[in-house]
Structures are given as structure tokens and as C-alpha cells.
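Report on one structure; see the data block that follows.
Residue numbers begin at 1 in each chain, while the letters A, B, ... track the order of the sequences. All values derive from a computational prediction rather than experimental measurement.
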2 protein chains.
Amino acid sequence: MDAQPRWLDPEQKAAWDSFIRMQETLIGRLSRRIQADSSMSAADYIVLVSLTERGGGRLRFLDLAKLVEWEKSRMSHQVTRMAKRGLVAREECPDDGRGAFVVATPAGYKAIEEAAPQHVEHVRRLFVDALTPHQLSTLGRLSQRVLDHMEKQPD
Amino acid sequence: MDAQPRWLDPEQKAAWDSFIRMQETLIGRLSRRIQADSSMSAADYIVLVSLTERGGGRLRFLDLAKLVEWEKSRMSHQVTRMAKRGLVAREECPDDGRGAFVVATPAGYKAIEEAAPQHVEHVRRLFVDALTPHQLSTLGRLSQRVLDHMEKQPD
DNA sequence: CCCGCCAAGTTGATGCATCAACTTGATGAA
DNA sequence: TTCATCAAGTTGATGCATCAACTTGGCGGG
């Protein structure tokens with residue numbers, strides 16, 4: 001009944017395997033580094049970077065969620081945890097009774113300002129420095145191409 | 001005191017951002033697909049593939065963990081969950097009283113045999129088909145290069 | 001006005017990831 | 001033999017991710 005599965009050919013499979021292993025290793029090492037260097041999680045880091053650098057330290061809940069491309073539920077749980085640790089605070093929105101702002105606290109600013117340079121160093125050391133500038137830009141271009149392709153595809 | 005942080009230059013940052021977004025989107029969509037198609041998690045899938053295709057359906061615990069490059073604790077929890085769902089079973093090791101085998105059950109085989117072709121189709125559709133063969137092999141080569149580089153780096 | 005609908009955000013349940021602490025069995029040296 | 005040590009695997013605690021169900025407030029039409 002079914003068509004034969006169309007497996008990847010050896011070259012395709014090798015490329016896919018390398019990509020997957022690289023990506024897992026890299027992300028794993030970077031997150032563990034963030035944790036160890038700053039006692040923040042990778043999720044904390046992303047949220048604080050977006051909030052402070054792109055949102056000026058204060059954003060509506062859903063704007064923040066869109067910025068990092070997270071579901072609102074994920075963000076809500078995350079903000080709850082971060083608020084418990086004092087990295088951000090929730091504030092009411094006067095314009096919209098349902099709404100909420102997320103605000104970076106001074107401790108949040110301090111944490112991100114300390115963590116960011118270290119994180120960048122690790123990105124450099126593990127990733128950027130592995131490639132020539134030309135190779136790096138090729139990898140970026142190919143990534144963007146895959147992204148563009150995915151956006152045209154159904155889920 | 002500290003040296004100025006050496007931020008990424010705009011080209012580097014663009015490449016890094018594209019890579020990160022691509023990788024997150026891709027992995028996210030593929031895992032959700034596996035879940036939806038087969039009611040297995042991505043973790044279940046990886047374990048079953050390794051166990052059946054590379055381990056002949058039966059492996060010592062730590063061999064399996066090494067194969068997928070997981071910590072033993074992670075694998076132990078995962079095997080517990082999978083055993084509860086009937087995908088694998090634990091068996092005692094006669095040679096080594098501490099040891100344990102992990103064995104794929106018939107249900108495990110059935111699950112992976114149904115899931116694998118669909119998964120490959122999604123990898124093709126989202127990733128492989130986004131690139132020309134030449135681009136794909138370039139991406140594979142660059143990934144491998146980053147991997148090799150990371151292996152030489154301390155944690 | 002009021003009612004249905006939608007938008008914003010929360011909550012609870014479940015599964016996954018990680019770390020540290022623990023148990024138990026193998027092993028080699030005195 | 002016996003003891004210290006190490007290897008194999010488990011367990012518990014905690015935080016993160018995802019899904020579905022829920023609450024509350026805004027909004028537009030009758």
C-alpha cells in the first residue's frame with residue numbers, strides 16, 4: 001500500500017547527522033555555560049536580553065512572547081519563575097485590564113550585564129572561531145535559506 | 001578592570017542569529033511532528049532508533065547511553081518512562097549483577113517502523129529540500145568542522 | 001444595555017533535562 | 001578473605017516545555 005520510504009542517501013544522511021550533532025552539542029554546552037557562569041538558565045538569559053536590549057526594560061506580555069517567538073503559556077510560566085528569583089516583575093497595564101507588563105528589575109539588569117559578555121565569548125570560542133569569516137557567512141546564509149523555506153511549509 | 005566585551009560584529013551576529021533561529025524552528029517543528037504522527041516523544045524516537053538500528057534491539061544500558069551521547073541518569077529516567085509505555089523492557093544482565101539490558105519490545109519495533117519513514121519525510125521537506133545538494137553538503141561540512149573544533153575546546 | 005465573542009494572560013498536569021546523592025555489585029591489593 | 005575503590009545504574013528534587021482548560025476584561029451588534 002504505502003510507498004517505499006524514501007530514506008536519505010548517504011551524503012544527505014551524513015550532512016544531517018553532522019548538523020544535528022553539532023547543534024545539540026553547541027546548544028548544550030552554551031546553556032550549561034550560562035548556568036555555570038551566571039546561575040541563570042538559558043531561558044532567563046533570552047528573556048532578559050530581549051526585554052532589556054530590544055524592549056527597553058519593559059514590555060507587554062505578548063510583545064515579549066512574540067519577540068522571542070514563544071507561546072504565551074511558556075512565557076507566563078517563565079516569568080513566574082523569574083519573578084520568584086527577582087529578575088523581573090509583573091506590572092498592571094492601565095490601558096487594558098487584562099494586560100500585564102513585564103519589567104526588568106535592577107537585579108535583572110545586573111544579571112544580564114554580567115552574563116552577556118561571557119556568553120558572547122563562549123559563542124565566539126565554540127562557534128565563530130571554528131570557521132573562517134567566509135565560512136561563517138555561508139553558514140548564516142544557508143541557515144536563513146532553510147528558515148525561509150520552512151516559513152513556506154505547513155506545520 | 002575587565003576588558004571591553006568583544007561583541008560580535010554585524011555580520012557575525014546576523015549569521016549567529018540566523019543559525020539559532022533556524023535550528024530552534026527546525027528542531028521544534030520536527031519534534032512536534034513526531035509527537036503528532038506517532039504519539040512518541042522525540043526522545044523516545046532517538047532511543048528506539050539507536051536501539052533497533054544500531055544495537056540490534058538489545059543493548060547494555062551504558063552502551064545505549066553512549067550511542068546517543070546522553071548521561072546515564074537521563075537515559076535511566078527515559079527508559080523508565082518508555083518501559084511504562086511498553087516501548088522497551090529492562091532485562092537483567094547475567095554476566096554483571098549491576099548491569100541491565102534495554103530491549104525493544106514488539107510494540108517498540110512497531111512504533112519505530114511506523115514513525116521513521118514519516119520522520120524522514122519531514123526532514124526532507126523542512127531541511128533537505130531547502131537546499132541544493134551542494135549547499136547541503138556544504139552545511140554538513142561546516143557543521144562537522146564546528147564539531148571538530150568544539151571537541152578540542154574545554155567545556 | 002447586554003450578550004456573545006474574542007483577546008490577554010494564568011493555571012494544572014504531564015513529560016523531559018540535569019544535578020547530586022545513593023545503592024549495589026565487581027575487582028584488585030594486602 | 002576482606003576491605004577500599006570503582007563501575008553500573010537508580011532515585012529524588014528542581015526547573016523547563018507543552019497542551020488544554022480556564023478566567024477575566026474589552027468590544028461590537030442587537
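- With distances taken from any side-chain atom of A/R98 to the nucleotides D/dT24, D/dA8, D/dG15, the minimum falls on D/dT24.
- A salt bridge links B/K13 to B/D17: at least one charged side-chain nitrogen sits closer than 4.0 Å to a carboxylate oxygen.
- In this structure, A/I46 is not a member of the same hydrophobic cluster as B/W7, with clusters built from ILVMFWY side-chain heavy atoms closer than 4.5 Å.
- In the set D/dT10, D/dA13, D/dC19, D/dA13 carries the atom at the smallest distance from any side-chain atom of B/H77.
- The NZ-P distance, from A/K84 to D/dT14, rounds to 12 Å in whole Å.
- Listed by chain and residue number, nothing satisfies the side-chain hydrogen bond (donor to acceptor under 3.5 Å, both in side chains) test with A/T105 (two or more places apart in sequence, or in another chain).
- For the pair A/K72 NZ and D/dG25 P, the computed distance is 16 Å after rounding to whole Å.
- Between the CD atom of A/Q35 and the P atom of D/dG15 there is a distance of 10 Å, rounded to whole Å.
- When heavy atoms are screened at a 4.0 angstrom cut-off, B/R81 is found touching base atoms of the nucleic acid.
- What separates CD of A/E92 from P of C/dG9 is a distance of 12 Å, to the nearest Å.
- Distance CD1 (B/I27) to C1' (C/dA17): 16 Å, rounded to an integer number of Å.
- A/E114 pairs by the salt bridge (charged side-chain N to carboxylate O under 4.0 Å, His left out) definition with A/K110, not counting sequence neighbours.
- Listed candidates were C/dT18, C/dC16, C/dG9. Nearest to the side chain of B/D44 is C/dC16.
- Proximity note for A/S73 (side chain, C-beta onward) versus D/dT10, D/dC19, D/dG15: the nearest is D/dC19.
- In this structure, the CE atom of B/M82 is 13 Å from the C1' atom of C/dC16, given to the nearest Å.
- In the set D/dT10, C/dA7, C/dT10, the nucleotide with an atom closest to the side chain of B/S76 is D/dT10.
- Listed pair A/R90 / C/dT10 meets the phosphate criterion, a side-chain N or O lying under 4.0 Å from OP1 or OP2.
- Mapping A/D96 and A/Q78 onto DNA chain D by nearest heavy atom places A/Q78 at the nucleotide closer to the 5' end.
- One interatomic measurement links the two molecules: CD of B/E71 to P of D/dT10, which rounds to 15 Å at whole-angstrom precision.
- Closest-nucleotide positions on DNA chain C for A/R32 and A/G99 were compared, and the one nearer the 5' end corresponds to A/G99.
- D/dA8 atom P lies 6 Å from atom NZ of B/K66, rounded to whole Å.
- Defined by atom type and a distance below 3.5 Å, a donor-acceptor pair is missing between the side-chain atoms of A/R21 and B/S143.
- Among the protein residues, B/S41 comes within range of the sugar-phosphate backbone only, with heavy atoms under 4.0 Å from sugar or phosphate atoms but none that close to a base.
- Using a 4.0 Å cut-off, some side-chain N or O of B/R74 falls inside it from OP1 or OP2 of C/dT18.
- Phosphate proximity of D/dG9 to B/R60: present, with a side-chain N or O under 4.0 Å from OP1 or OP2.
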